[in-house]
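All heavy atoms count here, side chains included; hydrogens, waters and symmetry mates do not.
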Amino acid sequence: MTPPNKPIALTRFLIEAQRAGHITADLRLLIEVVARACKAISHAVNRGALGGVLGDAGTGNIQGEAQKKLDVLSNEILIEANEWGGHLAGFASEEEDDFVEVPNAYPKGRYLLLFDPLDGSSNIDVNISVGTIFSVLQCADGIDKLEARHFLQPGSKQVAAGYTTYGPSTMLVLTVGHGTHAFTLDRELGSFLLTQRDMKIPEDTKEFAINMSNQRHWFPPMQKYVAELLEGKTGPRGKDFNMRWVASMVADVHRILTRGGIFIYPRDRREPDKPGKLRLMYEANPMSFIVEQAGGAATDGMRRIMDIQPDKLHQRVAVFLGSKNEVEVATRYHREAGGP
Ligand code: P6P
């Protein structure tokens with residue numbers, strides 16, 4: 001009998017979730033394979049300069065961003081780990097221009113895996129936490145040829161989502177729609193062990209995360225909202241606020257999951273036609289699922305992120321997520337103004 005205070009491994013957690021009918025055997029396999037790939041990425045990231053994988057790859061992605069060597073390596077690790085298992089129909093990655101179909105050499109399954117293989121990679125060369133973000137959708141039944149449109153489902157259709165943060169410890173945070181749970185990598189065992197079951201984000205907060213250097217570009221609702229935070233106790237909010245910005249979404253979201261807060265990446269005047277910097281399908285949607293399952297909220301300033309019907313694989317979205325009551329304040333300001 002497992003002693004009550006001994007953490008269970010991810011494998012047991014997933015078997016129990018399957019036994020409870022929360023996931024299928026194929027989804028269990030998918031999550032275990034992604035977790036195994038994240039262990040390999042963690043090893044490469046932790047090698048740092050010793051692994052010869054720092055610096056730029058000399059290539060760019062469809063976002064027009066220079067790829068780091070670890071971006072490319074992490075992407076390859078995730079694709080190679082998942083393509084043979086028979087659980088997937090295809091992938092979509094921040095580092096791939098279009099979706100990637102499972103090669104015909106392998107059996108195909110019904111799941112679609114979308115991921116940012118190494119988010120925050122500009123922080124790698126300065127040894128700041130980075131992470132992998134993933135989202136799982138299901139294919140419509142009976143399709144004979146996978147197309148991009150099969151990926152274009154709202155975040156509410158996700159059957160699983162998670163991230164792995166490569167920080168002081170490597171942690172996998174996962175939801176399959178029944179709460180949000182955190183696993184810590186035990187490097188000696190090589191297993192992710194359940195260290196936080198059913199995480200809950202405090203509904204209120206005194207901490208916000210935003211890149212303040214963009215303030216002059218923000219639209220009026222953002223200006224008003226942040227100005228009131230900065231007025232602190234003597235202002236309309238009646239309390240002082242603290243600010244954090246890691247510039248690594250996984251690190252900022254993990255802090256918010258752990259102690260509360262609001263994470264904001266709004267649209268701004270620099271490119272008014274661009275709804276924001278972050279990508280809907282493999283950053284905002286999985287993080288929104290994780291946050292909502294922990295009692296938090298996630299909007300684009302006007303509506304629930306997971307209600308957005310996507311029309312492009314790499315489309316961007318404004319993100320307001322975290323402590324429920326704080327996200328509601330920021331969202332109210334935008335709705336009252338009729339939009340950003
Ligand atoms: P900025 C990393 O590049 C990222 O996509 C997120 O992880 C992070 O929250 C954001 O961009 C940081 O953006 O403009 O502050 O560098």
Side-chain angles (χ1 to χ4, degrees), residues 2-20 22-47 70 73-82 84-85 87-88 111 113-120 129-136 158-201 248-258 282 286-287 289-291 293-294:
T2 306
N5 60 347
K6 184 179 178 192
I8 64 171
L10 176 65
T11 300
R12 174 171 169 180
F13 177 89
L14 293 174
I15 287 169
E16 291 175 351
Q18 181 185 341
R19 201 175 285 153
H22 297 166
I23 58 175
T24 65
D26 265 3
L27 184 51
R28 173 161 67 86
L29 171 61
L30 188 163
I31 295 168
E32 288 198 293
V33 168
V34 167
R36 200 172 305 131
C38 289
K39 281 190 274 189
I41 294 170
S42 173
H43 177 74
V45 168
N46 287 161
R47 289 280 294 158
L70 274 170
L73 176 62
S74 302
N75 191 53
E76 288 166 357
I77 288 172
L78 279 160
I79 289 180
E80 286 163 18
N82 280 283
W84 49 268
H87 50 282
L88 283 185
Y111 292 106
L113 178 63
L114 302 92
F115 52 83
D116 180 353
L118 204 63
D119 180 70
S129 298
V130 292
T132 298
I133 309 172
F134 66 92
S135 169
V136 185
Q158 294 174 100
V159 292
Y163 64 78
T164 300
T165 173
Y166 310 111
S169 62
T170 289
M171 293 186 76
L172 168 68
V173 173
L174 173 71
T175 185
V176 295
H178 295 267
T180 292
H181 314 283
F183 301 80
T184 302
L185 180 61
D186 179 327
R187 292 191 184 283
E188 287 160 23
L189 287 177
S191 300
F192 280 106
L193 301 182
L194 180 63
T195 44
Q196 275 179 281
R197 189 187 286 270
D198 219 7
M199 300 177 88
K200 288 294 175 216
I201 302 178
S248 176
M249 187 183 195
V250 172
D252 281 314
V253 172
H254 191 74
R255 183 190 59 253
I256 288 167
L257 262 176
T258 308
Y282 40 79
M287 289 306 201
F289 192 15
I290 290 163
V291 161
Q293 285 290 314

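- The NE2 atom of H181 sits 9.5 Å away from the CD1 atom of I8 when rounded to the nearest 0.5 Å.
- Between T132 and Y166 the shortest side-chain heavy-atom distance falls below 4.5 Å.
- Here L193 contributes atom CG and L10 contributes atom CG; the two are 9.5 Å apart, rounded to the nearest 0.5 Å.
- A donor-acceptor pair under 3.5 Å is formed between the side chain of S74 and the backbone N or O of L70.
- Pairing each heavy atom of S129 with each of G167, the nearest pair is OG-CA, 3.3 Å.
- Distance OG/S135 to CD1/I290: 9.0 Å, rounded to 0.5 Å.
- For the pair I79/F115, a side-chain contact is recorded, criterion being any heavy-atom separation below 4.5 Å from C-beta on.
- Taking the side chain as every heavy atom from C-beta outward, V130 and V250 never approach each other to under 4.5 Å.
- The CE atom of M171 lies 10.5 Å from the CG atom of L185; values are rounded to the nearest 0.5 Å.
- A 4.5 Å side-chain heavy-atom check between F183 and T164 finds every atom pair outside the cut-off.
- To the nearest 0.5 Å, atom CG of residue L114 and atom CD of residue Q158 are 8.5 Å apart.
- At least one side-chain heavy atom of T24 sits less than 4.5 Å from a side-chain heavy atom of Y111.
- Within a 6.0 Å radius of NE2 in H22, other residues, nucleotides and ligands contribute more than 12 heavy atoms.
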Discussion item. Could you go through D26 and R28, starting from their C-alpha distance and side-chain angles, then the distance that decides it, and tell me whether this counts as salt bridge (charged side-chain N to carboxylate O under 4.0 Å, His left out)?
Written reply: CA-CA 5 Å; D26 265 3; R28 173 161 67 86; over 6 Å; no
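- T165 has its side chain out of reach of V173: every pair of non-hydrogen atoms, C-beta onward, lies at least 4.5 Å apart.
- The side chain to side chain contact (heavy atoms under 4.5 Å, CB included) with L14 is formed by just one residue from the set L174, L27, L29, L30; it is L174.
- For the pair Q18 and A25, the tightest heavy-atom approach, listed with the atom from each and the gap, is NE2-CB, 3.5 Å.
- For the residue pair R36 and N82, no side-chain donor N or O sits within less than 3.5 Å of a side-chain acceptor on the partner.
- For an aromatic pair to be called close, the ring centres must be under 6.0 Å apart, and F13 with F192 fails this.
- The closest donor-acceptor contact from the side chain of T175 to the backbone of G177 lies under 3.5 Å.
- Put simply, the side chain of I15 does not reach to within 4.5 Å of the side chain of R12, judged on heavy atoms.
- Between the NZ atom of K39 and the CD1 atom of I77 there is a distance of 13.0 Å, given to the nearest 0.5 Å.
- In this structure, H254 and Y163 have perpendicular ring planes: the angle between them is above 60°, well past the 30° mark.
- Between the side chains of S42 and R187, a donor-acceptor pair is found at a separation under 3.5 Å.
- For the pair L78 and A37, the tightest heavy-atom approach, listed with the atom from each and the gap, is CD2-CB, 3.8 Å.
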Worksheet entry | Verdict with reasoning, I41 to L118, per side-chain contact (heavy atoms from CB on, under 4.5 Å) | CA-CA 9 Å; I41 294 170; L118 204 63; 4.0 Å; yes
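- With hydrogens and angles left out, the side-chain atoms of T11 and E32 include a donor and acceptor closer than 3.5 Å.
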